[in-house]
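Letters A, B, ... mirror the listed sequences (proteins, then strands); counts begin at 1.
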2 protein chains.
Amino acid sequence: MNHIFKALNDQTRRDILMLLKEKDLTAGEIADKFSISKPSISHHLDILKRADLVYSEKKGQFVHYSINTTIIDDILQWIFNLKN
Amino acid sequence: MNHIFKALNDQTRRDILMLLKEKDLTAGEIADKFSISKPSISHHLDILKRADLVYSEKKGQFVHYSINTTIIDDILQWIFNLKN
DNA sequence: TTATTATTTAGATATTTGTCTAAATATATA
DNA sequence: TATATATTTAGACAAATATCTAAATAATAA
């Protein structure tokens with residue numbers, strides 16, 4: 001859970017997940033939605049990837065990112081477990 | 001959600017929540033379960049409190065801590081929202 | 001009142017983190 | 001091939017974080 005909570009502990013990364021929830025986007029499209037540099041966004045995407053919260057697939061010169069809902073269930077289970 | 005994810009982004013704090021899930025404990029009892037100093041535990045408890053993840057109540061010279069499951073539901077809702 | 005116990009606060013320090021610019025890599029196009 | 005576009009990597013730096021020891025605060029007991 002360490003990588004997951006680390007990944008979620010940043011507003012920009014949470015915003016990226018919200019965007020990818022709606023539809024898949026390329027790295028550049030994601031970067032365009034924020035006012036921070038492309039390398040910084042690339043770094044955030046790397047952290048999300050290490051946490052398995054997103055997938056990435058290279059198509060030509062673009063890299064397409066999508067959310068991984070499988071991991072979401074793991075988080076839900078961990079949080080839910082706190083309740084009883 | 002910022003304070004909550006920040007609070008959850010630490011193994012010691014997550015372990016404290018797991019302990020408090022089982023039963024209420026005083027600050028000292030919590031500190032005894034870890035190999036870090038009491039001031040450090042006090043600091044972790046403060047972060048958990050700021051995130052509303054725990055309550056604290058002073059009884060005599062002791063401070064009793066307990067988990068706040070109300071906030072857990074907020075987290076569950078936030079995570080669940082990522083799925084659709 | 002004095003001493004003891006429980007907890008927090010203050011201040012210091014090493015590590016981690018988010019950001020930047022510049023450079024590197026990879027693909028597409030003229 | 002040469003150029004343009006998309007993305008990542010490298011290296012630097014300021015801010016945030018987890019930890020420590022020492023001191024302060026508060027409550028109990030002798």
Side-chain angles (χ1 to χ4, degrees), chain A residues 1-20 22-68 71 75 78, chain B residues 1-20 22-68 71 75 78:
Chain A
M1 296 310 282
N2 233 316
H3 285 265
I4 294 176
F5 283 117
K6 177 196 173 131
L8 292 175
N9 186 32
D10 181 272
Q11 188 62 57
T12 300
R13 289 194 291 269
R14 291 197 298 272
D15 289 345
I16 290 173
L17 288 175
M18 289 301 193
L19 288 171
L20 292 179
E22 299 305 328
K23 64 170 172 152
D24 297 0
L25 295 168
T26 68
E29 286 169 334
I30 294 168
D32 287 344
K33 309 267 189 182
F34 298 88
S35 52
I36 61 180
S37 71
K38 277 165 204 259
S40 293
I41 292 294
S42 185
H43 179 232
H44 284 308
L45 288 169
D46 186 53
I47 290 169
L48 287 169
K49 241 171 72 176
R50 281 178 206 280
D52 271 332
L53 282 162
V54 304
Y55 294 119
S56 71
E57 190 186 353
K58 184 150 194 175
K59 289 182 186 169
Q61 59 189 152
F62 299 90
V63 178
H64 292 252
Y65 282 88
S66 54
I67 198 166
N68 176 8
I71 295 294
I75 312 172
W78 191 94
Chain B
M1 296 308 281
N2 232 317
H3 285 264
I4 294 175
F5 283 118
K6 176 195 173 132
L8 292 174
N9 186 33
D10 181 274
Q11 187 63 56
T12 301
R13 289 193 291 269
R14 292 197 298 273
D15 288 346
I16 290 173
L17 289 175
M18 290 299 193
L19 288 172
L20 292 179
E22 300 303 328
K23 64 170 172 150
D24 297 358
L25 295 168
T26 68
E29 286 170 334
I30 294 168
D32 288 344
K33 309 268 189 182
F34 298 88
S35 52
I36 62 181
S37 71
K38 276 164 204 260
S40 293
I41 292 294
S42 185
H43 179 234
H44 285 308
L45 289 170
D46 186 51
I47 288 168
L48 288 169
K49 240 171 70 176
R50 282 179 205 281
D52 271 332
L53 282 162
V54 303
Y55 294 118
S56 72
E57 190 185 351
K58 184 150 193 176
K59 289 182 187 169
Q61 59 189 153
F62 299 90
V63 178
H64 292 251
Y65 283 87
S66 54
I67 199 166
N68 176 9
I71 295 294
I75 312 172
W78 192 94

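As rounded to whole Å, 12 Å separates atom P of C:dT7 from atom CD1 of B:Ile41. Atoms CD1 (B:Ile16) and C1' (D:dA18) sit 12 Å apart, rounded to a whole Å. Across the protein-nucleic acid pair, B:Asp15 atom CG and D:dA18 atom C1' stand 15 Å apart, rounded to whole Å. A:Asp32 places its CG atom 13 Å from the C1' atom of D:dT7, with the value rounded to the nearest Å.
Distance check: B:Thr26 OG1 to B:Tyr65 OH gives 9.5 Å after rounding to the nearest 0.5 Å. Taken from NE2 in A:His44 to CD1 in A:Ile36, the straight-line distance is 4.0 Å, to the nearest 0.5 Å. Going from atom CD of A:Glu29 over to atom NZ of A:Lys23 covers 6.0 Å, rounded to the nearest 0.5 Å.
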ask   = Yes or no on side-chain contact (heavy atoms from CB on, under 4.5 Å) for A:Thr12 and A:Ile41, after CA distance, side-chain angles and deciding distance?
value = CA-CA 8 Å; A:Thr12 300; A:Ile41 292 294; 4.2 Å; yes
inquiry  = Go through it in stages, so that I can follow the logic: the residues are A:Ile75 and A:Leu53, the test is side-chain contact (heavy atoms from CB on, under 4.5 Å), and I'd like the CA-CA distance, side-chain angles, deciding distance and then a yes or no.
reply    = CA-CA 10 Å; A:Ile75 312 172; A:Leu53 282 162; 4.0 Å; yes
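Of the possible polar contacts, one joining the A:Arg13 side chain to the A:Lys6 backbone as a donor-acceptor pair under 3.5 Å is found.
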note = Protein-proximity profile, nucleotides 16-22 of chain C, B/S/- by nucleotide at the 4.0 Å heavy-atom cutoff, equals -SSBBBB
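The phosphate of D:dA6 has neither OP1 nor OP2 within less than 4.0 Å of any side-chain N or O from A:Thr26. Between C:dA6 and B:Tyr65, no contact under 4.0 Å exists linking OP1 or OP2 to a side-chain N or O.
Closest approach of B:Met1 to A:Arg14, counting heavy atoms only: C-NH2, 4.3 Å.
Annotation for A:His3: atom NE2 does not count as buried by contact number, only 12 or fewer foreign heavy atoms lying within 6.0 Å.
In the region residues 49-63 of chain A, proximity to DNA chain D at under 4.0 angstrom, judged on heavy atoms, holds for A:Gln61, A:Phe62, A:Val63.
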